[in-house]
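Working notes, structure below.
So that the names make sense, note that chain A is the first sequence line, chain B the second, and so on, each numbered from 1.
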Amino acid sequence: MPELPEVETIRRQLQRNIVNKKINDVVVRWGKRLEPSRSKFIENVKGRTVKSIERRGKLLRINLSSGWSIFVHLKMTGKLILKRTGTEPTKHTHVVFKLNGKYDVHWEDFRKFGFLKLLSKEDADKYVESWNFGPEPLDPSFTFSKFKMCLNAYPNAKIKPKLLEQKCIAGIGNIYAVESLWSAKIHPLTQIKDIPEDKLKKLFQAIKRILKTAIADGGTSADNYFDAHGGEGKYVYKLKAYKQEGKPCANCKTKIIKEKIGGRGTAYCPKCQKL
DNA sequence: ACCTAATCCTGCATGC
DNA sequence: TGCATGCAGGATTAGG
């Protein structure tokens, strides 16, 4: 599933390949998760030029020459793929942006959870606000004291579901929540008030380190993810807990186990990550 | 404040 | 072989 490192990888690839390219045509093959209506979307995108691509958490924002923005959330199985001009859509291609230059951009999503949303500049800024994202974990302004203060507002909450909430920190999903907790040796069900300061610090550092490494590796192709060039996310070879159930813990050789926590599959080492 | 379950959807694994 | 069932989950929402 695309999380911060995967979305950032796609953002960089789009930034490199479609900025200053004109959108000559938009083909909508399935418009249920597209706003506004199909005709208004096409009308307001066609003929515009891509100016820049931004990311906030897992949300992508494609800024157009008109000042309007297309927001893209890939959710579970969404993809934005650069394909040679004129490449035919596949079964799960929902929208094709036909651009000047070498590439078209195809939006594919076989599970159809993701969405595209076109908004004017004014509405776009409000829309980003409405998400109430926590800080960007790789922004220098994201400090340990900010992280700690935000979490301490929820002393009885369990750490893992809280990390997935985007509220104290933006962009973390199941893969990186599981990996960060393994690295900091914290049981995913630990209540925030029961995490000692030094372990919380370890968690903070693990999140930064793991996300940075994963971006450098082009994300994690553990589920359905491939980058905008169809490339593999190499962090999949560095996973220590996610999808490692049944395998020996890299730290202590105990078998990694998996259980459902907050309705989500959660892998951890029962020996290193004690409650 | 905190938890659970349902919702959106399809591919894939399982079982008979 | 093929058909039915159920599981997976990011984010939101409803209800306890």
Side-chain angles (χ1 to χ4, degrees), chain A residues 1-11 29-35 55-61 71-80 89-95 106-117 127-134 136-137 149-181 187-195 207 211 214 219-226 233 236 239 241-246 256-268 275:
Chain A
M1 57 216 72
E3 306 180 22
L4 188 152
E6 290 77 28
V7 177
E8 178 61 17
T9 300
I10 292 167
R11 188 197 69 76
R29 307 176 75 240
W30 176 76
K32 200 174 162 195
R33 299 277 280 170
L34 181 122
E35 279 185 48
R55 179 192 57 75
R56 185 75 173 91
K58 305 173 197 170
L59 187 66
L60 271 176
R61 175 175 181 172
F71 288 94
V72 183
H73 201 306
L74 299 172
K75 296 281 184 98
M76 307 292 306
T77 54
K79 292 175 178 154
L80 284 173
T90 66
K91 189 177 169 189
H92 301 297
T93 307
H94 305 319
V95 174
H106 290 223
W107 173 47
E108 302 181 359
D109 188 345
F110 78 78
R111 215 162 278 175
K112 298 181 171 172
F113 277 18
F115 61 81
L116 303 189
K117 193 179 176 85
Y127 178 63
V128 176
E129 289 284 305
S130 75
W131 276 80
N132 290 121
F133 284 119
E136 277 298 314
M149 265 176 30
C150 183
L151 288 177
N152 283 343
Y154 312 94
N156 298 311
K158 285 153 177 78
I159 185 63
K160 201 251 180 172
K162 184 55 69 180
L163 288 177
L164 294 178
E165 262 179 34
Q166 314 299 304
K167 216 172 168 114
C168 290
I169 180 163
I172 304 231
N174 216 13
I175 300 173
Y176 301 104
V178 162
E179 290 299 300
S180 302
L181 290 169
H187 191 290
L189 281 175
T190 314
Q191 286 183 294
I192 288 163
K193 65 171 183 304
D194 295 328
I195 304 177
I207 289 170
L211 292 177
T220 302
S221 289
D223 300 285
N224 201 249
Y225 170 75
F226 288 100
V236 66
L239 294 175
Y242 186 80
K243 287 249 169 122
Q244 305 305 299
E245 54 271 21
I256 299 288
I257 57 172
K258 183 179 172 184
E259 66 179 281
K260 200 163 248 199
I261 289 173
R264 296 291 167 253
T266 307
Y268 64 98
L275 203 51

Next item on the list: Classify every nucleotide of nucleotides 8-13 of chain C by which part a protein heavy atom approaches to under 4.0 Å, writing B for the base, S for the sugar-phosphate alone and - for neither, in 5'-to-3' order.
Entry: BBBBS-

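Residue contacts shown for A:Lys91 are limited to sugar-phosphate atoms, with no base heavy atom under 4.0 Å away. Heavy atoms of A:Pro155 sit under 4.0 angstrom from primed sugar atoms or phosphate atoms, though from no base atom.
Using modelled atom types, one side-chain atom of A:Gln244 and one backbone atom of A:Tyr242 make a donor-acceptor pair closer than 3.5 Å.
The strand DNA chain C forms stems, runs of 3 or more Watson-Crick or G-U wobble pairs with distances below 3.5 Å, at B:2-16 with C:2-16.
A:Gln191 places its CD atom 12 Å from the C1' atom of B:dC3, with the value rounded to the nearest Å. When the P atom of B:dC8 is taken as reference, atom CG of A:Leu116 falls 20 Å away, rounded to whole Å. Computed from coordinates, the A:Leu34 CG to B:dC9 P distance equals 15 Å when rounded to whole Å. One interatomic measurement links the two molecules: NZ of A:Lys193 to P of B:dA1, which rounds to 14 Å at whole-angstrom precision. The distance between atom NZ of A:Lys117 and atom P of B:dC8, rounded to the nearest whole Å, is 19 Å. One can place CD of A:Glu259 at 17 Å from P of C:dC7, the figure rounded to the nearest angstrom.
Phosphate proximity of B:dC9 to A:His92: absent, as no side-chain N or O sits under 4.0 Å from OP1 or OP2. Taking 4.0 angstrom as the limit, A:Asn156 places none of its side-chain polar atoms (N or O) nearer than this to OP1 or OP2 of B:dA1. Note on A:Lys112: every side-chain N or O is 4.0 Å or more away from OP1 and OP2 of B:dC8. In this model, the phosphate group of B:dC8 is not approached by any side-chain N or O of A:Lys32 to a distance below 4.0 Å at OP1 or OP2.
Under the 4.0 Å criterion applied to side-chain N and carboxylate O atoms, A:Glu108 and A:Lys79 are not assigned as salt-bridge partners.
Each of A:Ala157 and A:Trp30 was matched to the nucleotide of DNA chain B holding its nearest heavy atom; the match closer to the 5' end belongs to A:Ala157. Nearest-nucleotide mapping onto DNA chain B: of A:Asp109 and A:Pro161, the residue sitting toward the 5' end is A:Pro161.
Applying side-chain contact (heavy atoms from CB on, under 4.5 Å) to A:Met1 and the options A:Thr220, A:Asn224, A:Asn174, A:Leu74 leaves one that passes, A:Asn174.
Rounding to the nearest 0.5 Å gives a distance of 11.0 Å between CG of A:Leu211 and CD of A:Glu179. With values rounded to the nearest 0.5 angstrom, A:Lys75 atom NZ is found 13.0 Å from A:Arg111 atom CZ. Atoms CD and OG, on A:Glu6 and A:Ser221 in that order, are 7.5 Å from each other to the nearest 0.5 Å.
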Note to self: Using salt bridge (Lys or Arg N to Asp or Glu O under 4.0 Å), reason through A:Lys58 and A:Glu3 one step at a time and then give a plain yes or no.
What the structure shows: CA-CA 6 Å; A:Lys58 305 173 197 170; A:Glu3 306 180 22; 5.6 Å; no

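For A:Thr9, there are no side-chain hydrogen bond (donor to acceptor under 3.5 Å, both in side chains) partners at least two apart in sequence or on another chain.
Residue A:Lys167 qualifies as open at atom NZ: its count of foreign heavy atoms under 6.0 Å is 12 or below.
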